[in-house]
K.L.:
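Take a look at the following structure, please.
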Amino acid sequence: MAEAHHHRPTLKQQNKPFKSKHATKGALKGAAKGRIARQSPKSSSGTSAAAQSRLNRRNNAKQTQLAKRSALVSATRIFNGADGAPRIVAVIPLTEDVSTKSTVRSLAASLDVPADDCPEDGLWRMSRADRFKTSLQFRTVPYRNFYAAVDACKVADYVVFVLSSAVEVDAWGDTLLRTLQAQGLPDVVSVIPADTSIDPKSRAGILKSLLSFMQYFVPTQSRVFDLHVSSDMLNALRSLSEGKPADVRWKEGRSWMLAEATEWEEGTLKVTGTVRGAPLSANRLVHLPDFGDFQISKILSAPLPRVSKSGHVSGMEVEPALLAEPDSSSADSLVSSNEPEDFANEQTWPTEEEMNGTVDEIQTDTPDAVAGTTPKTVRRIPKGMSEYQAAWIIDEDDEEADEEDGKESSEEADGQLADEDEEMQDMPVDDSQSDVDRKESVRFEDLDMEEEEAQQREEEDDLSFPDEIDTPKDIPARTRFQRYRGMRSFRTSPWDPYENLPRDYARIFQFEDFKRTERGVRRRLEEEAGTIEPGTRVTLYLKDVPEEAASTPVPVLFSVLQHEHKKTVLNFTVQRNTEYDGSVRSKDPLVLFVGPRRLSVNPIYSQHTRGGGKGTNNVHKFERYLRHGSTFVATTYGPVTYGKQPCVLLRETTDVQAPHLVAMGTFLNPDTTRIIAKRIILTGHPFKVHKKTATIRYMFFNPDDVLYFKPIQLHTKYGRTGHIRESLGTHGYFKAYFDGPINQMDTVCMSLYKRVFPKWSSIWTPQGSREGANGRPSDAMEE
């Protein structure tokens, strides 16, 4: 009997399991975890979940909109009202053929306001206009006045860059724009003046080209206004008169003021202006760029005279009222550094008379020397040089001599010394002259072509053979490099940060917890009573200000937070300017812009640890040159600064108002325990090689040096490590053993390290602006 036919079981229909698109009540209850959704009062009990979510989104958007509107009203409140503060507008020309006065005149003409009394360099205030209900205060800066332009942009709410339709921006304008971009810019408005007519056919192309140029420095720029067109004049003025000015981050928590009037009387400088930024405290110091920090003696009110709608000034004069005075118990002092006590830790045995108490009077003060009895040392100077010329010869210190390692052989040095002895004469020098007089800061000097080429070759050699130097033949290596030490591991070997510190470290301040100190300073400033609110027009009385400060055309003032006057070690992360091709060595004199300050510094550069960490021992490698393409840490002495302050490094030229932009960066920290280790590498060559053992020559030139440096580890350029076994002969040869066979073409190296420190900084002043009758800089320029 035939079997019944059956389908294969794989063809049986299998329905998919049921999938619910809606979660069960139990699943919803578990996901809620006990939370109960709040029902909108606008929705009824029968409103769906989708409608409820839509109402919540609308409510959230409305609250965000109200918060933004409230923030805008509070931020622009100081500009409102009859006594509102004016909006500060800095007018900066970028080419020589444009005029700031004509630019302001064109902007004012859009509202039929005469501006004939607007100066080319100074302040001009446009009174309240009914159309915009605000006041504008224009700070005009002439062309090629670099530092005045930088100061004007620091306190401005808006910056108007005046471009030319016929002349391109030169190197000076490019440097200014890069510097302002690095330090932070407020809202920017770009215009071309009305006195330069443009061909209508080429107008669109010129404006497009200028806009592309400005967008490289200010990406937020959307257009360039042509003041030859009436609509652009009105739109440019509207951009300056409406809305909230952009905030510059480094000015947060600080107050500043643009001086409208100054008066100097018997050391007291009276500065009248409107307080801007944060509330101003009379207990804090005030910084004047190029002059330093000063104390406030009192703050008086300075209200503007009332002006009626018809334009008549009210005859009633309001007497200035005393708003604030410093509190002697909490006011900041002008002490910026400590006085080192050289004999504080000295201990001497008392004499027998002192132990018996027979000495009644002990002379503690050393009497002054009798005139003419001060001993004189003898200096070697070229023949025919006068005593005045000899005073300008600067002795090289040990640090500067280290930079010349291995440049001359002993034979060349002996020949040079012999030639110099024939042309030198003895000159007595008075040792009673102060160190400040002998070690004046050397201003910028043009190098001749040979010196510049020599520096360029030295930088190229250092790039090809980093840190390698030749061992001197005429001086024992143990004497020449006695300040250096060997390290088994650069990253992990311990190094005491408080050993062998220089004298300058006794003058500085250090913080136990810098971040906590900064938070406490800012919190106390917010809680301090008796501060002057922003928007108040006041007159500041500053004590002990030099008379030259009153001669500044339009000075600016910045408040200094607590402890920001004290000197410490400052570390900045910097990057080299891609447009600067000169050689930048450590300890080269530069001008540092950080916050409101300008300092003359000689920074040293070191490697920036990846991630910004300190590592195990906080040791960082010293860099002889600031190179392109990498981020370095610049270290110098300077006043304490809070926040992520931008910094700019400039190099002076023969033209004071045309410096070179060298680098820009950001303040890192005031770490005084950061160890910057300078490395030198002594090299030798394998003379005889037998597997892992080799005879090395040319690293040392006497057996005593070999024994002195025997404990230090060796390494080769091909990655082998080893150590010295024994000295061979009398010419400095030695036998070394390595961890593997070495190549005959390999180079044996020994790394030595020593800690380096920067030089003391001072306040930067324009070159030659403060010189006394004797041609020497005044005390304000000295350390």
Side-chain angles (χ1 to χ4, degrees), residues 398 401-418 457-458 460-493 495 619 621-622 624 677-756:
D398 183 62
D402 287 345
E403 302 296 335
E404 308 297 331
D405 292 337
K407 285 189 176 180
E408 297 180 353
S409 63
S410 59
E411 297 178 357
E412 295 174 345
D414 294 339
Q416 184 178 4
L417 290 175
R457 288 195 301 269
E458 185 179 351
E460 293 174 357
D461 292 342
D462 184 72
L463 183 62
S464 302
F465 306 98
D467 304 325
E468 293 186 18
I469 65 171
D470 295 331
T471 306
K473 296 181 180 180
D474 54 343
I475 304 176
R478 61 186 182 279
T479 303
R480 177 64 185 85
F481 306 120
Q482 62 182 349
R483 298 175 60 186
Y484 290 83
R485 67 177 66 180
M487 298 178 65
R488 181 175 297 274
S489 173
F490 185 82
R491 299 300 177 191
T492 60
S493 295
W495 193 319
V619 178
K621 182 180 174 298
F622 168 81
R624 287 178 169 82
K678 179 181 179 181
R679 181 182 72 176
I680 61 172
I681 299 178
L682 305 181
T683 59
H685 304 281
F687 178 58
K688 294 180 181 179
V689 177
H690 179 67
K691 296 183 179 178
K692 298 182 181 181
T693 306
T695 301
I696 311 301
R697 61 178 178 177
Y698 301 150
M699 182 177 289
F700 305 108
F701 297 99
N702 60 76
D704 293 337
D705 288 343
V706 177
L707 295 177
Y708 183 84
F709 290 99
K710 184 177 180 180
I712 300 179
Q713 190 179 48
L714 302 175
H715 66 275
T716 70
K717 292 188 176 181
Y718 286 0
R720 298 297 183 187
T721 59
H723 61 273
I724 299 174
R725 274 195 169 181
E726 59 180 344
S727 175
L728 301 176
T730 60
H731 291 77
Y733 288 39
F734 62 87
K735 184 181 293 185
Y737 183 80
F738 297 89
D739 60 349
I742 70 169
N743 194 335
Q744 183 75 38
M745 304 302 294
D746 204 348
T747 302
V748 181
C749 305
M750 176 183 290
S751 297
L752 302 175
Y753 303 90
K754 78 168 181 178
R755 187 176 180 181
V756 293

K.L.:
Could you go through the side chain to side chain contact (heavy atoms under 4.5 Å, CB included) check for Phe734 and Lys710 one step at a time?
P.N.:
CA-CA 10 Å; Phe734 62 87; Lys710 184 177 180 180; over 6 Å; no
K.L.:
Should Tyr708 and Phe700 be marked as a side chain to side chain contact (heavy atoms under 4.5 Å, CB included) after you check the CA-CA gap, both sets of side-chain angles, and the distance that decides it?
P.N.:
CA-CA 11 Å; Tyr708 183 84; Phe700 305 108; over 6 Å; no
K.L.:
Using a 6.0 Å cut-off, check whether atom NZ of Lys735 has over 12 heavy atoms from anything other than its own residue.
P.N.:
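Counting neighbours around NZ of Lys735, 12 or fewer heavy atoms of other residues, nucleotides or ligands fall under 6.0 Å, so no.
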K.L.:
If you round to the nearest 0.5 Å, how far is CZ of Arg679 from NZ of Lys621?
P.N.:
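Reported value, rounded in 0.5 Å steps: 4.5 Å.
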K.L.:
Are the side chains of Tyr484 and Leu682 in touch, meaning some heavy atoms are under 4.5 Å apart?
P.N.:
no
K.L.:
Check whether the ring centres of Phe481 and Phe709 lie less than 6.0 Å apart, and answer yes or no.
P.N.:
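Not under 6.0 Å, so no.
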K.L.:
If you look at every heavy atom in Cys749 and Thr683, which pair is closest and at what distance?
P.N.:
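It is SG-CG2, 4.1 Å.
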K.L.:
Less than 4.5 Å apart, any side-chain heavy atom of Ile681 and any of Lys717?
P.N.:
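Not touching, per the 4.5 Å side-chain cut-off.
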K.L.:
Can you give me the closest heavy-atom contact between Pro686 and Gln744, atom names plus distance?
P.N.:
O-NE2, 3.1 Å
K.L.:
About how many Å separate CZ of Arg488 and OG1 of Thr721, when rounded to the nearest 0.5 Å?
P.N.:
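Here the interatomic distance stands at 9.5 Å.
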K.L.:
Could you give the distance from CD1 (Ile696) to CD1 (Ile742), rounded to the nearest 0.5 Å?
P.N.:
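Nearest 0.5 Å value for the CD1-CD1 distance: 5.0 Å.
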K.L.:
Counting only heavy atoms not in Tyr698 (residues, nucleotides, ligands), do more than 12 fall under 6.0 Å from its OH?
P.N.:
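It does not: Tyr698 OH has 12 such atoms or fewer within range.
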K.L.:
To the closest 0.5 Å, what do you measure between CG (Leu707) and CD1 (Ile724)?
P.N.:
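These two atoms lie 9.0 Å from each other.
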K.L.:
Could you report the tightest heavy-atom contact between Pro703 and Ser727, atom names first, then the distance?
P.N.:
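Closest approach of Pro703 to Ser727: CB-OG, 3.5 Å.
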K.L.:
What do you reckon, is NE2 of His723 surrounded by more than 12 foreign heavy atoms closer than 6.0 Å?
P.N.:
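Yes - once you tally the heavy atoms of other residues, nucleotides and ligands closer than 6.0 Å, there are more than 12.
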K.L.:
Check Asp467 with Arg624, please: is the shortest side-chain N to carboxylate O separation under 4.0 Å?
P.N.:
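Salt bridge between Arg624 and Asp467, a charged N being under 4.0 Å from a carboxylate O: yes.
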K.L.:
What's the spacing between Lys692 NZ and Asp739 CG if we round to 0.5 Å?
P.N.:
7.5 Å
K.L.:
Which pair of heavy atoms, one from Ser493 and one from Met487, lies closest together, and at what distance?
P.N.:
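Smallest heavy-atom distance, with atoms named: CB-CE, 3.8 Å.
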K.L.:
Check whether any side-chain N or O of Asp705 sits under 3.5 Å from a backbone N or O of Pro476 as a donor-acceptor pair, and report yes or no.
P.N.:
no
K.L.:
Starting at CZ of Phe738, measure out to CZ of Arg720 and round the result to the nearest 0.5 Å.
P.N.:
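Rounded to the nearest 0.5 Å, the CZ-CZ separation comes out at 10.5 Å.
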K.L.:
Between Val619 and Ala677, what is the shortest heavy-atom contact and its length?
P.N.:
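Answer, listing the atom of Val619 first, then Ala677: CG1-CB, 3.9 Å.
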